[in-house]
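For reference, the structure discussed in these notes is given below.
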2 protein chains.
Amino acid sequence: MADTDLRERIKEVAVEHFNANGYHGTTIRNIAKDVNCSLPMIYYYYKNKKEMFDEIIKKDFFNLLEKQASLLKIDNVVDFYTKFIYDLNFLSNYDKQVYRLGIKVYLSFDGDEELMSLMDEWEKSILPRHYQLLKPYIKNVGNEIAVVRTLVHLLETMIENIIVKNRYLPEDEIREEISIVLQGCV
Amino acid sequence: MADTDLRERIKEVAVEHFNANGYHGTTIRNIAKDVNCSLPMIYYYYKNKKEMFDEIIKKDFFNLLEKQASLLKIDNVVDFYTKFIYDLNFLSNYDKQVYRLGIKVYLSFDGDEELMSLMDEWEKSILPRHYQLLKPYIKNVGNEIAVVRTLVHLLETMIENIIVKNRYLPEDEIREEISIVLQGCV
DNA sequence: CTATAATTCTAACGAACGTTAAAGAAAGGA
DNA sequence: TCCTTTCTTTAACGTTCGTTAGAATTATAG
């Protein structure tokens, strides 16, 4: 086992535990047991429980979000958003769990004030980004902003179904729903 | 203070704590401190921590859901769903927090397997109920089921915004989004 | 081979947890 | 008045928590 393999392994197990039991329900001892290492090893690689949780959200979750956002390049609008959501089905287990944990913090079901405000900032950037993306392709009048807002809301629910409830969403259902929202606009 | 006033007060404070800190992050001592009673008083009225949590979900949350569902009577479809969501803004603080806690369990962010499966049953009833409600008013062909599904998904996000993120959703925004989904069908 | 640095362990610390025993106050009917 | 039931408290139990001290082991470099 190489240098930081154990560190990564600890974090993987921690993500599972934080997901299953929440921050307070997760114990360092249980993590160590599942990793098959001694308890103080956790403290060798991480300053404490809180810094571990913070690293998962601040590093891994936001990396994931940025990676996702960077993929936002449009050809056909419906095709594009369908693929965007559909691909979430095939994220790695670790990425899914990090994503799930992030959503948990986003909904202020876990984490602390600091992480929450990071989330708020991110959220504020969502609508403008999608509006800018869709702008060149929307031909309708008047209610474009409402359409983008509705679309983003719909995307949120679908993301939650895949990531949080761990369901498989078939491509045609995704396409159907996106088409309904965008019908006549694009 | 009457007979069961203290019992209710304890539950109110408990709901706040479960919401803010999760099941494991909530301590009986902190509840007692906020209620301004001694620690064993909690055990005088509730068998233990778990039964308290269970009562909140099984009694209060599901009562709330049923009360909401019983209001589902349609005149004008868009008006109706708009009002349905808009009224959530004005739920009492206690009802909002119970609702929030229920959603937390629904997303399996808290609670246990038993509560989760209760939620699953409830969830299965959602789509058929809305489909039956909307059926007489939908005039479109082919994709009615997808429209209902999309509508329910949209409703979910809006409920989450009001209840979980504790935001005020203005009536016209709600109406706009519902209209976009239902456009041409109703 | 030896010394230094990087890992990993056993053992324990104080604090906080859920829960309960046991007894004191308050209230109400006889 | 006294007795019984209902409410409320102080004090403590055993357990588990996050965290650390300090020593043992392993790897690395000279």
Side-chain angles (χ1 to χ4, degrees), chain A residues 1-60 101 104-105 109-115, chain B residues 1-60 101 104-105 109-115:
Chain A
M1 228 185 246
D3 229 30
T4 63
D5 270 11
L6 181 55
R7 193 177 193 281
E8 289 304 298
R9 171 105 188 88
I10 287 171
K11 190 155 67 171
E12 274 174 36
V13 171
V15 166
E16 285 172 28
H17 283 230
F18 283 135
N19 259 308
N21 311 115
Y23 180 82
H24 291 102
T26 295
T27 74
I28 311 286
R29 278 171 177 81
N30 285 340
I31 293 174
K33 191 184 293 176
D34 275 13
V35 172
N36 241 322
C37 70
S38 71
L39 198 152
M41 279 311 295
I42 314 284
Y43 289 93
Y44 183 72
Y45 287 111
Y46 298 92
K47 192 182 162 200
N48 54 35
K49 187 176 167 184
K50 176 161 169 28
E51 275 211 351
M52 225 166 120
F53 190 84
D54 281 8
E55 175 175 321
I56 292 166
I57 298 298
K58 289 184 184 170
K59 248 181 71 180
D60 294 19
L101 207 49
K104 200 168 172 180
V105 175
F109 282 145
D110 221 330
D112 56 11
E113 293 290 331
E114 187 208 351
L115 293 179
Chain B
M1 231 186 243
D3 228 31
T4 62
D5 269 12
L6 181 57
R7 192 177 194 282
E8 289 304 299
R9 171 106 188 88
I10 287 171
K11 190 155 66 173
E12 274 173 36
V13 172
V15 165
E16 285 172 27
H17 283 230
F18 284 134
N19 259 309
N21 310 114
Y23 180 82
H24 290 103
T26 295
T27 75
I28 311 286
R29 279 172 177 82
N30 285 340
I31 293 174
K33 190 184 294 174
D34 275 12
V35 173
N36 240 324
C37 69
S38 70
L39 198 151
M41 280 308 296
I42 316 283
Y43 288 94
Y44 183 73
Y45 287 110
Y46 297 92
K47 194 183 159 201
N48 53 36
K49 186 177 167 182
K50 175 160 168 33
E51 274 211 352
M52 225 166 118
F53 190 84
D54 280 10
E55 177 176 318
I56 291 167
I57 298 298
K58 289 184 184 170
K59 248 180 73 180
D60 295 19
L101 206 50
K104 201 169 171 179
V105 175
F109 281 145
D110 218 330
D112 56 10
E113 292 290 329
E114 186 208 352
L115 293 179

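All values reported here derive from a predicted model rather than from experimental measurement. Lettering follows sequence order; numbering is per chain, from 1.
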Let me know the distance between [atom1] of [X] and [atom2] of [N], rounded to the nearest Å.
{"X": "A:Arg7", "N": "C:dT8", "atom1": "CZ", "atom2": "P", "value": "13 Å"}
{"X": "A:Tyr46", "N": "C:dT7", "atom1": "OH", "atom2": "C1'", "value": "16 Å"}
{"X": "A:Ile10", "N": "C:dT7", "atom1": "CD1", "atom2": "P", "value": "12 Å"}
{"X": "B:Tyr45", "N": "D:dT6", "atom1": "OH", "atom2": "P", "value": "11 Å"}
{"X": "A:Arg9", "N": "C:dT8", "atom1": "CZ", "atom2": "P", "value": "14 Å"}
{"X": "A:Asp5", "N": "C:dT7", "atom1": "CG", "atom2": "C1'", "value": "14 Å"}

So what stems show up for DNA chain C if we need 3 or more Watson-Crick or G-U pairs in a row, all under 3.5 Å?
C:1-24 with D:7-30, C:26-29 with D:2-5
Taking only residues two or more places apart in sequence or in another chain, which ones pass side chain to side chain contact (heavy atoms under 4.5 Å, CB included) with A:Glu12?
A:Arg9, A:Tyr94
Students often mix this up, so state it plainly: with edges at 30° and 60°, are the rings of A:Tyr23 and A:Phe18 parallel, tilted or perpendicular?
parallel
One pair to check against side chain to side chain contact (heavy atoms under 4.5 Å, CB included): B:Tyr45 and B:Lys11. What are the steps and the verdict?
CA-CA 10 Å; B:Tyr45 287 110; B:Lys11 190 155 66 173; over 6 Å; no
In Å and rounded to the nearest 0.5 Å, what is the [atom1] to [atom2] distance from [X] to [Y]?
{"X": "B:Arg7", "Y": "B:Met41", "atom1": "CZ", "atom2": "CE", "result": "11.5 Å"}
{"X": "A:Glu16", "Y": "A:Asn21", "atom1": "CD", "atom2": "CG", "result": "10.5 Å"}
{"X": "B:Asn19", "Y": "B:Thr26", "atom1": "CG", "atom2": "OG1", "result": "8.5 Å"}

Between side-chain atoms of residues 27-34 of chain A and protein atoms elsewhere (two or more places apart, or another chain), which donor-acceptor pairs fall under 3.5 Å?
from, atom 1, to, atom 2, distance (Å)
A:Thr27, OG1, A:Asn30, N, 3.1
A:Thr27, OG1, A:Asn30, ND2, 3.1
A:Asp34, OD2, A:His17, NE2, 3.0

Salt bridge (charged side-chain N to carboxylate O under 4.0 Å, His left out) pairs, two or more places apart, involving residues 40-52 of chain B
B:Lys50-B:Asp54, B:Lys50-B:Asp112
Please list, for nucleotides 15-22 of chain D, all pairs of protein and nucleotide N/O atoms separated by less than 3.5 Å.
from, atom 1, to, atom 2, distance (Å)
D:dG18, OP1, A:Thr26, O, 3.0
D:dG18, OP1, A:Lys49, NZ, 2.9
D:dG18, OP2, A:Ile28, N, 3.1
D:dG18, N7, A:Arg29, NH1, 2.7
D:dG18, O6, A:Arg29, NH2, 2.8
D:dT19, OP2, A:Tyr43, OH, 2.9
D:dT19, OP2, A:Lys49, N, 3.1
D:dT19, O5', A:Tyr43, OH, 3.4

Between D:dT8, C:dT8, D:dT9, which one does the side chain of A:Leu6 approach most closely?
C:dT8
Would you say A:Tyr44 places a side-chain N or O within less than 4.0 Å of OP1 or OP2 belonging to C:dT7?
yes
Test of understanding: with ring pair (Phe, Tyr, Trp, His ring centres under 6.0 Å), list the residues that count as partners of B:Phe109, not counting sequence neighbours.
A:Phe109
